[in-house]
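Working notes, beginning with the structure itself.
Proteins get letters first, then strands, A, B, ... in listed order; numbering begins at 1 in each. Keep in mind that what you see is a predicted model, and the values were worked out from it rather than measured.
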Amino acid sequence: MTAPAAIETSGLTKSFAHQQAVDDVGLSVPRGSVFGFLGPNGSGKTTTIRMLLGLASATSGTIRLLDGAMPDAAAEVLPRVGALVEGPAFYPFLSGRANLHRLDTADRYAPRSTRRRRVNEALERVGLSHAAGKRAHAYSLGMKQRLGIANALLTPRDLLILDEPSNGLDPQGTREVRNLVRSLADGGSTVFVSSHLLAEVEQMCTHVAVMSTGRLVAQGTLEELRGHDHVQLRIETPDVGDARQVLASLGLQPDQGGPMAAATVTADLTVPGLHPEAVNAALVSAGVRVRGFAADATSLEDRFVALTGEGFDIDH
Amino acid sequence: MTTDSPGHAGPENSTRNAGFALLASEITVLFRRRRTWAMLAALAAVPILIAVAVRITEGPSSGRGPAFLDSITQNGLFVSLTALTVAIPLFLPLTVGVVAGDTIAGEANLGTLRYLLVAPTGRVRLLLVKFAGAGLFCLAATAVVVLTGAAIGAMLFPVGPVTLLSGDTIGGAGYAVRLVLLAGYVTLSLLGLTAIGLFISTMTTMPVGAMAATVVAAVVSQILDSLPQLEWLHPWLFSHHWIGFADLLRQPIAWNSYADNALLQLGYIAVFGALAYGRFSTKDILS
């Protein structure tokens, strides 16, 4: 793609009094991509998004959003950007429709003549038409989330920045968000989605970046990040010992058995040129009774944990 | 969906409008809040209480109580004046403090501030809109006191030509003009406090704190204004001319206090507007 990236940061850094919240981040979000922005809680995702949108100033580094430098070009660039930042926020005493109306008036490029229609369309798009007249105060968490997404869709956007869009949604809602993101991307928009739901990201994103303790630890296409060449074999068989021998004779290092290994053998496919089907054929011809055979590409989860560390600790 | 050429700025097929829609929305939202109406109702209660109290205890004057109180029994049109005198030191600053303190801090507290800024509302534009909205509330609050006072006064007491402080007598139309001038004067008086509240509101995400601080500022200013030892300071206090509307009740009108007050309030608006801008234009919005 020759067009400039939808989001391009270089050396983006944000220091607070006692910590480096964002440290030398160089994001590059290609136009038309669905870009998953991953990271554990406290890894600097939201702070990065705040800087992208001009809500917080960067300590150092530069940001290009669409065609303009942020925050200087905010007035021209932001009307083309729809955003959901750190959860939806509304005037509790106004109805859902009135809330959208209010936020739409803040955008000087949003034409007044089409405001009513655009608000209704946005509400329809997130399935809130039936509750549009209800006060936001009475909305459930999921409805608020939908209203927040509707706000991001008030005008046609070239870029959507959605911070945890599936937060608080039930499975159907999550699915709708996924479909919505896809339809936005099909319409030509670039969608930048922050999430900690890896399965979500895996299902809808073309590109992924991973943050950990304020740093960008990985960035690329989903395939690149998963490491597609890395495959793990899982064989279910009652002949565990024989299977291990066959695998070893092929040059693989099968696991040495553990509590879960009563009828399962696993091995990383580390020999170049060796296909899973050849391994299966070798097992069968050696008389190993194969009940199940699977060749799994590394899941994003494995990579994510490898990149950001295990456990609940939020490091600083 | 359009493809963007490099250097293209702003959304296609859209022109930037003047941006008054946000002001209209701000006013709508402000006056759609139950809180706003509760405060205006409380202000309306001031002249009503005064008028009713005077009506049911009609008797020889005690010579005490707020200015103009004794004149009410002779002329109902004085209810507005008495009510303003009573409302200016506390009730009006209280309601204005609530609205002005809520301007930015209230949006920050709800989280809507980030969505307004991302929409995008320029930060200066947001400050101007917020100040204009709060200023309009000052006018509404003053007008409620004046109009309710005029109405209840006309209902409970005889209405007739009004004798001014200078001894001249003017008719109903002349009095109406004076009341409009009076409402303008009191509104103007409150704008300095509004600017202070706007500034305080940019410093916090807790609207209640900003409201309280603004009201405290109004009280402190009035206390300082009452200490003779600080006479040198008095002309600089934003509350100094608050009660100075008596000059509007002379014939001809003495405009000195109007001009002095306007100048003082403009000074406060300039200083605290600049402070609010300085604080808000570079502030990280983390709420």
Side-chain angles (χ1 to χ4, degrees), chain A residues 3-4 6 14 16 31-32 46-47 50-51 53-57 66-68 73-94 98-99 101-112 115 148 151-152 154-158 161 184 186-189, chain B residues 1-37 102 106-126 129-130 205 280-287:
Chain A
K14 178 72 181 179
F16 290 117
R31 295 245 170 167
T46 300
T47 306
R50 284 181 187 285
M51 287 191 284
L53 294 169
L55 289 172
S57 57
L66 299 172
D67 306 304
E76 288 75 41
V77 169
L78 288 183
R80 298 160 60 197
V81 180
L84 179 69
V85 200
E86 197 159 311
F90 296 104
Y91 305 90
F93 48 89
L94 293 182
N99 264 293
H101 194 277
R102 155 81 166 170
L103 291 171
D104 194 60
T105 60
D107 177 1
R108 291 175 67 178
Y109 286 100
R112 179 208 170 111
R115 184 162 292 142
N151 172 47
L154 282 173
T155 56
R157 313 284 194 181
D158 295 336
I161 295 183
L184 290 166
D186 291 344
S189 306
Chain B
M1 196 60 52
T2 53
T3 41
D4 299 295
S5 54
H8 161 81
E12 297 208 14
N13 307 325
S14 302
T15 44
R16 196 167 153 130
N17 59 47
F20 287 114
L22 183 63
L23 179 59
S25 162
E26 175 65 25
I27 293 166
T28 314
V29 169
L30 179 63
F31 286 97
R32 216 186 260 186
R33 290 192 82 154
R34 230 177 271 167
R35 188 179 72 194
T36 307
W37 287 103
D102 194 48
E107 300 278 358
N109 187 47
L110 289 176
T112 42
L113 181 58
R114 61 176 183 270
Y115 286 106
L116 287 175
L117 293 180
V118 162
T121 316
R123 296 190 181 203
V124 177
R125 181 171 159 235
L126 186 61
V129 163
K130 285 291 180 183
T205 57
F280 189 57
S281 62
T282 55
K283 190 187 185 189
D284 282 354
I285 308 303
L286 300 175
S287 58

Under 4.5 Å from a heavy atom of chain A, the part of B:Leu23 involved: neither
Between A:Ala74 and B:Pro120 the two heavy atoms that sit nearest each other are O-CG, 3.8 Å
Hey, is the main chain of A:Val85 close enough, under 3.5 Å, to the side chain of B:Arg114 for a donor-acceptor pair? yes
Which atoms of B:Glu26 are under 4.5 Å from chain A, going by heavy atoms: the side chain, the backbone, both sets, or neither? both
From B:Glu107 atom CD to A:Tyr91 atom OH, the distance as rounded to the nearest 0.5 Å: 3.0 Å
Looking at CD1 of B:Ile285 and CD of A:Glu86, how far apart are the two atoms once the value is rounded to the nearest 0.5 Å? 12.5 Å
At a 4.5 Å cut-off on heavy atoms, which part of A:Leu84 comes close to chain B: side chain, backbone, both, or neither? both
Contact summary for A:Phe90 and B:Leu110, nearest pair of heavy atoms: O-CD2, 4.0 Å
Work out which heavy atom in B:Leu286 is nearest to a heavy atom in A:Arg50; give both atom names and the distance. O-NH2, 3.4 Å
dist A:Leu55:CG -> B:Tyr115:OH (nearest 0.5 Å) comes out at 9.5 Å
Is it the case that more than 12 heavy atoms not belonging to B:Phe31 sit under 6.0 Å from its CZ atom? yes
Which pair of heavy atoms, one from A:Ala106 and one from B:Leu116, lies closest together, and at what distance? CB-CD2, 3.9 Å
Under a 3.5 Å distance rule, please check whether A:Arg108 uses its side chain to pair with a backbone N or O of B:Thr121 as donor and acceptor. no
Of all of A:Gly148, A:Pro92, A:Gly87, which one pairs up most often with chain B through heavy atoms under 4.5 Å apart? A:Gly87
If you tally heavy-atom pairs under 4.5 Å between each of A:Asn99, A:Leu53, A:Asp104, A:Thr105 and chain B, the highest tally belongs to A:Thr105
With side-chain contact (heavy atoms from CB on, under 4.5 Å) as the test, would you mind laying out the steps for B:Thr282 and A:Ser57 before giving the verdict? CA-CA 8 Å; B:Thr282 55; A:Ser57 57; over 6 Å; no
More than 12 heavy atoms of other residues, nucleotides or ligands under 6.0 Å from CZ of A:Arg112: yes or no? no
Against chain B, label A:Leu103 side chain, backbone, both or neither, depending on which of its atoms sit under 4.5 Å from a heavy atom there. both
Heavy-atom closest pair, residues A:Leu78 and B:Leu117: CD1-O, 3.9 Å
Can you tell which of A:Ala73, A:Ala152, A:Pro88, A:Gly82 has the highest number of heavy-atom pairs within less than 4.5 Å of chain B? A:Pro88
Could you give the distance from CZ (A:Arg102) to OG1 (B:Thr112), rounded to the nearest 0.5 Å? 7.0 Å
Heavy-atom pair of closest approach, residues B:Arg123 and A:Gly54: NH2-O, 3.3 Å
Mind checking what makes salt bridge (charged side-chain N to carboxylate O under 4.0 Å, His left out) contact with B:Arg125, not counting sequence neighbours? none
